[in-house]
Colleague: 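Take a look at this one; I'll ask things after.
These numbers come from a predicted model, not from an experiment.
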Amino acid sequence: MLDHDSRLPEAALSSPQSVVALVDATSRVERELIGHWLAEGGITQEFGTSAPVTQIDLDPAAVTDRLVRRGDDPLVVPVRVLWLPPERDGVRRTTFSDLLTMSNPRKPHRFMQRRLLGKAPDRHLVLTGQPARLSELRANNPASAIVPDAFGRAIVRAGIVALERAERAVIGDRYKVPRLVVEEILDSPEFLRRLDTIAVEAGLPPREVYRRAEKGLRELVAAQSRLVSDLFTQAMRPVHASTWNVDADETGLDRLRSLNRRYPLVFLPSHRSYVDAFVLGDILARNDFPPNHVVGGANLKFWPIGPIARRTGTVFIRRSFGDDEVYKAVVEEYFAYLLSKRFNLEWYFEGGRTRTGKLRPPRYGLLNYLAAALRSKRIDDVMLVPVSITYERLNEIGAIAVEQTGGGKQAEGLTWLARYVRNQQHSAGHVYVRFGTPLSARERLAVHGDPLTAHPNSTDELTVEAEHLAVQRLAFEVAVGINEVTPITVNALTTLVLLGVHERALTRAELRTAIAPVLGYIESRGLPGGELGTLRDDHGLAVVLEQLAVATVVTVYRAGLEPVYAINAGAHLEAAFYRNSAVHWFVNRAILELAVLTGVEAPEGDQLRAGWDAAYRLRDLLKFEFFFPERAEFTSQLDAEMLRVDPEWHSRTAAGTLGSEILARLADSGFMMAHRVLRSFFDAQLVVAERLAARDPVIDVDRKALIDECLQVGKQMLLQQRLHSPESVSSELFGSAVKLADNHGLLTPAGDPADLAARRSAFAAELRAIGQRISRAATLDPSNRREAL
């Protein structure tokens, strides 16, 4: 009954004058079993004391009446009967067949309990929780001990927690669930003081603030159920188990299990599919991790998924709560409570599923609550775990592509769920789950130094800004951690090559020739990959292409001399989704190519400087699409990239001149990346830039209307072949381009209208020049020269 892993000294166990057994029983059968166990000396056998034993119900009123007001110092031992499901293949887990008895095997009704005593005596045992002396309980609850009723409730909670820990030692950590959360939080003196402060500042009656807090907690707190968790896992496992072959990082799991013994974990996965949480949850359950509290969106709160999800650990937070200080306090307190009790959390920090296949910019809201829990010193540290979940094929990307071109998002509900589950019944290859290096939130957020030691309600602008920057840096590190372990799948590499030949069809031999140098590049860098070796083999490549054809991403023409393959005319966004899952691995190479092309255009002596200036400018233009390191590290990375192309390039460029031989070396490497990796992003930026240049500089810009206009004009530009691929016409890419334009001061009318108009026009001209260099890079790619294939 002591907090966390504390243990009572042997002397304290062996020398009590009396023992109080807190009996947690729900039926006469359970009382008989516990009474018989006590009568036969169960306490003596387990704890080595022969002191007299008194039984008290594990109930606040009984505890307050018969224990709290005692003047002696008994040893307090919580006791209950643990019921177990039948054993199957060495595992005791509830199944749907167990429910045929109309009873929960973990909580059988009294008639079933009586029957089990004779027919299955292995299905129960008398369990004791970690004991504590009454004086120890008073010391652990100094504030509650002053008020008898509050102290009684605290003893009951401690007893239940001790019994839960004892149960997990028998049934496994995957069944770790919180109990009496709302009651414990509402009994917290610190939380009550915060509510009083809010009441004073808002001019509200304290009772009204307390009522709103209680309502918010009951709405927020996940009421986890072991039965529902078991059954829901079994029901949902076929949704992904029959579709994907799950490939999990076992080494990473071993490291996390060890870490979880000391710290709570916050899993921060990439978000590509609705089944992400089921895939990750199933892996963790199979490896005996406690269930995560998954922070979910209100869009999935519909019946019956919402009520079931809450009982499996999903926490539904309101999408927006503005200036509701009571609800903010409730969320902060609940997060701090879960982390202080070492319950693991999980949320998708991109704020929603990716629409393009690559990581979206992070949302900071929940990380701010984590920072608040650390700042308040409620928890010592939290380990953030970047998680990459990567699918070889994904059935839902067709609907995502429709949204990107202006189509509406289908509302979630029962009809949507039935259709979604039905669509998952086709094999879709592997799903790779990889765990990045865990990050200490305490170290990253400088909890014991600036800025987080400031008062939680500090209005000091420097402190607030410093904390905001610390959270942003932490989110950036998480994103980089996800990218660093994201494998390049066979579909990502195949679509990367096919999207780069501009609607040409290739034979398998041509495609294999185009893939080979990229495979060599991947292997030389030691990048993570999934089954990439199959692409070297004609049969393996044929299987990959046929699977993409079944998914309607690739079209196959078979009536000629041999089959030829191309991206399906209506599937460029779907193909780009697969490619973009791995595109971050090739961004620096693509920037290098464009920087070299810019440099060779400059006068001799200025070429090297012009090339580096171009590289830094491209990094700035792409900062809302990719996660770039600080300038010095970026320079080092680009330098290493150039040395892969030309090991002697430092000596060749000592005079500041690049020379045409650099272009030849790029082409001789067997591939070019700029047109494959960056063209769609710069084409989308060009559409936004041209629409801004055409606008009156004195009129405010409505962002949503601008994006809608870009979708319409982008389709026209595509028909006019001013854009190179339909993947550029994407609301997600246009949204990032609008952010970039705003960052460069091109949205809001301010100052001289003529200056704004000139800067908008110059921005569009710069992007057109980049587009021309990308086209030139494409001509250097051997796969775009038929004689090379």
Colleague: Phe435 vs Thr251, test: side-chain contact (heavy atoms from CB on, under 4.5 Å). Steps then yes/no.
Modeller: CA-CA 9 Å; Phe435 301 97; Thr251 303; over 6 Å; no
Colleague: Looking at Glu477 and Arg444, is there a salt bridge between them, counting it only when a charged N and a carboxylate O are closer than 4.0 Å?
Modeller: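 Yes, this pair counts.
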Colleague: Would you kindly check if the NZ (Lys) or CZ (Arg) of Arg619 is within the cone defined by 45 degrees around the ring axis of Phe634 and under 6.0 Å from the six-membered ring centre?
Modeller: yes
Colleague: Are the side chains of Thr486 and His584 in contact, using a 4.5 Å heavy-atom criterion?
Modeller: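 The answer is yes; the side chains approach within 4.5 Å.
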Colleague: Please name all residues satisfying salt bridge (Lys or Arg N to Asp or Glu O under 4.0 Å) with Lys623, sequence neighbours left out, ordered by chain then number.
Modeller: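 Per chain and number, Lys623 pairs via salt bridge (Lys or Arg N to Asp or Glu O under 4.0 Å) with Asp620.
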Colleague: With sequence neighbours excluded, what pairs up with Glu732 under the side-chain contact (heavy atoms from CB on, under 4.5 Å) test?
Modeller: Arg355, Thr356, Arg360, Gln404, Ser730
Colleague: When you measure from the side chain of Asp73 to the backbone N and O of Leu134, does any donor-acceptor pair fall under 3.5 Å?
Modeller: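 Such a contact is found between Asp73 side chain and Leu134 backbone.
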Colleague: Can you list the residues that meet the salt bridge (Lys or Arg N to Asp or Glu O under 4.0 Å) rule with Asp276, with sequence neighbours excluded?
Modeller: none
Colleague: Would you call Arg286 and Asp282 a salt bridge, taking side-chain N to carboxylate O under 4.0 Å as the test?
Modeller: yes
Colleague: Return yes when atom NZ of Lys328 has more than 12 non-hydrogen atoms of other residues, nucleotides or ligands closer than 6.0 Å, and no otherwise.
Modeller: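 Counting neighbours around NZ of Lys328, more than 12 heavy atoms of other residues, nucleotides or ligands fall under 6.0 Å, so yes.
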Colleague: Any side-chain heavy-atom pair from Ile482 and Phe349 closer than 4.5 angstrom?
Modeller: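 Yes; the side chains approach each other to less than 4.5 Å.
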Colleague: Is any side-chain N of the basic residue among Glu164 and Arg80 closer than 4.0 Å to the acidic one's carboxylate O?
Modeller: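 Looking at Arg80 together with Glu164, the answer is yes, because their closest N to O distance falls below 4.0 Å.
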Colleague: Counting only heavy atoms not in Asp702, do more than 12 sit closer than 6.0 Å to its CG atom?
Modeller: yes
Colleague: If you take all heavy atoms of Ile155 and Leu137, which pair is closest and at what distance?
Modeller: CG1-CD1, 4.2 Å
Colleague: Considering residues at least two apart in sequence or located in another chain, which fulfil the side-chain contact (heavy atoms from CB on, under 4.5 Å) criterion with Asp196?
Modeller: Pro206
Colleague: Taking 4.0 angstrom as the limit, do Glu333 and Arg194 come out as a salt bridge?
Modeller: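 So Glu333 does not pair with Arg194 through a salt bridge.
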Colleague: Are Asp24 and Pro78 packed together at the side-chain level, in the sense that at least one heavy-atom pair is separated by less than 4.5 angstrom?
Modeller: no
Colleague: Are the side chains of Ser270 and Leu359 in contact, using a 4.5 Å heavy-atom criterion?
Modeller: yes
Colleague: Taking all heavy atoms of Val480 and all of Phe627, pick out the closest pair and write down the distance.
Modeller: CG2-CB, 4.2 Å
Colleague: Could you tell me whether the side chain of Glu350 and the main chain of His271 form a donor-acceptor pair under 3.5 Å?
Modeller: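 Pair found, side chain donor or acceptor close to backbone of His271.
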Colleague: Is any side-chain heavy atom of Ile389 closer than 4.5 Å to a side-chain heavy atom of Arg272?
Modeller: no
Colleague: Counting C-beta onward and ignoring hydrogens, is there a side-chain heavy-atom pair between Thr354 and Asn580 closer than 4.5 Å?
Modeller: no
Colleague: Nearest 0.5 Å, please: how far is CZ in Arg257 from CG in Asn287?
Modeller: 5.0 Å
Colleague: How far apart are the closest heavy atoms of Gly481 and Pro386, and which atoms are they?
Modeller: C-CB, 3.8 Å
Colleague: Between CG of Leu192 and CD of Glu190, what distance do you get to the nearest 0.5 Å?
Modeller: 9.0 Å
Colleague: If the condition is side-chain contact (heavy atoms from CB on, under 4.5 Å), which residues does Asp381 pass it with, not counting sequence neighbours?
Modeller: Tyr263, Met383, Ser440, Ala441, Arg442
Colleague: Please list, chain by chain and in numerical order, all residues satisfying ring-ring contact (aromatic ring centres under 6.0 Å, His included) with Phe191, sequence neighbours excluded.
Modeller: none
Colleague: Using the ring-ring contact (aromatic ring centres under 6.0 Å, His included) criterion, which residues pair with Phe267? Sequence neighbours excluded.
Modeller: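 Applying ring-ring contact (aromatic ring centres under 6.0 Å, His included) to Phe267 gives none.
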Colleague: Once you round to the nearest 0.5 Å, how far does CG of Leu366 lie from CG of Leu268?
Modeller: 9.0 Å
Colleague: May I ask you to say whether Glu219 pairs ionically with Lys215, meaning some side-chain N is under 4.0 Å from a carboxylate O?
Modeller: no
Colleague: For side-chain contact (heavy atoms from CB on, under 4.5 Å), just list the numbers for Phe626 and Lys358, CA-CA rounded to whole Å, side-chain angles, deciding distance to a tenth of an Å, and then say yes or no.
Modeller: CA-CA 9 Å; Phe626 301 102; Lys358 66 178 184 60; 3.9 Å; yes
Colleague: For a quick test of reading the model, state the closest non-hydrogen atom pair linking Leu163 to Gly129 and the distance between them.
Modeller: CD2-N, 3.6 Å
Colleague: Could you pull out all residues at least two apart from Arg473 that satisfy salt bridge (Lys or Arg N to Asp or Glu O under 4.0 Å)?
Modeller: none
Colleague: Just do the side-chain contact (heavy atoms from CB on, under 4.5 Å) check on Leu445 and Leu370 with the steps written out, would you?
Modeller: CA-CA 10 Å; Leu445 296 175; Leu370 187 149; 4.3 Å; yes
Colleague: Looking at side-chain heavy atoms only, is the closest gap between Leu339 and Val266 below 4.5 Å?
Modeller: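 Yes - at least one pair of side-chain heavy atoms lies under 4.5 Å apart.
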Colleague: Looking at CD of Glu183 and CD of Glu214, how far apart are the two atoms once the value is rounded to the nearest 0.5 Å?
Modeller: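 It is 8.5 Å, given to the nearest 0.5 Å.
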Colleague: Please list, chain by chain and in numerical order, all residues satisfying salt bridge (Lys or Arg N to Asp or Glu O under 4.0 Å) with Glu346, sequence neighbours excluded.
Modeller: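 By the salt bridge (Lys or Arg N to Asp or Glu O under 4.0 Å) rule, Glu346 matches no residue at all.
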Colleague: With side-chain contact (heavy atoms from CB on, under 4.5 Å) as the test, pick out the partner of Val382 among Asp380, Ile379, Val385.
Modeller: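 It is Ile379, the one option of Asp380, Ile379, Val385 that forms the side-chain contact (heavy atoms from CB on, under 4.5 Å) with Val382.
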Colleague: CG of Asn344 to CG of Asn260: how many Å apart, nearest 0.5 Å?
Modeller: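 That separation rounds to 4.0 Å.
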Colleague: Might you confirm whether atom CZ of Arg363 has over 12 heavy atoms from other residues, nucleotides or ligands at distances under 6.0 Å?
Modeller: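 Not buried by this count: 12 neighbours or fewer within 6.0 Å.
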Colleague: So, using ring-ring contact (aromatic ring centres under 6.0 Å, His included) as the criterion, who are the partners of Phe624 when residues are at least two apart?
Modeller: none
Colleague: Would you indicate whether the side-chain heavy atoms of Asp249 and Val433 approach each other to under 4.5 Å?
Modeller: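 When only atoms from C-beta onward are counted, Asp249 and Val433 do not touch, as no gap falls below 4.5 Å.
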Colleague: Could you pull out all residues at least two apart from Ala166 that satisfy side-chain contact (heavy atoms from CB on, under 4.5 Å)?
Modeller: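 Partners of Ala166 by the side-chain contact (heavy atoms from CB on, under 4.5 Å) criterion, ordered by chain and then number, come out as Leu127.
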Colleague: Can you check whether Ala632's main-chain N or O pairs, donor with acceptor, with Ser636's side chain at less than 3.5 Å?
Modeller: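 No, Ser636 side chain to Ala632 backbone: no donor-acceptor pair under 3.5 Å.
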Colleague: Walk me through it: do Tyr334 and Val221 pass the test side-chain contact (heavy atoms from CB on, under 4.5 Å)?
Modeller: CA-CA 8 Å; Tyr334 184 43; Val221 170; 3.7 Å; yes
Colleague: My understanding is that only residues two or more places apart in sequence, or in another chain, count here; which of them pass ring-ring contact (aromatic ring centres under 6.0 Å, His included) with Phe335?
Modeller: Trp347
Colleague: Which pair of non-hydrogen atoms, one from Ser340 and one from Tyr337, has the smallest distance, and what is that distance?
Modeller: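 Closest approach of Ser340 to Tyr337: OG-O, 2.8 Å.
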Colleague: Please find the pair of heavy atoms, one from Gly152 and one from Thr64, that lie closest to each other, and give the distance.
Modeller: CA-OG1, 3.5 Å
Colleague: Can the positive tip of Arg353 be found less than 6.0 Å from the middle of the six-membered ring of Tyr274, inside 45° of the ring normal?
Modeller: yes
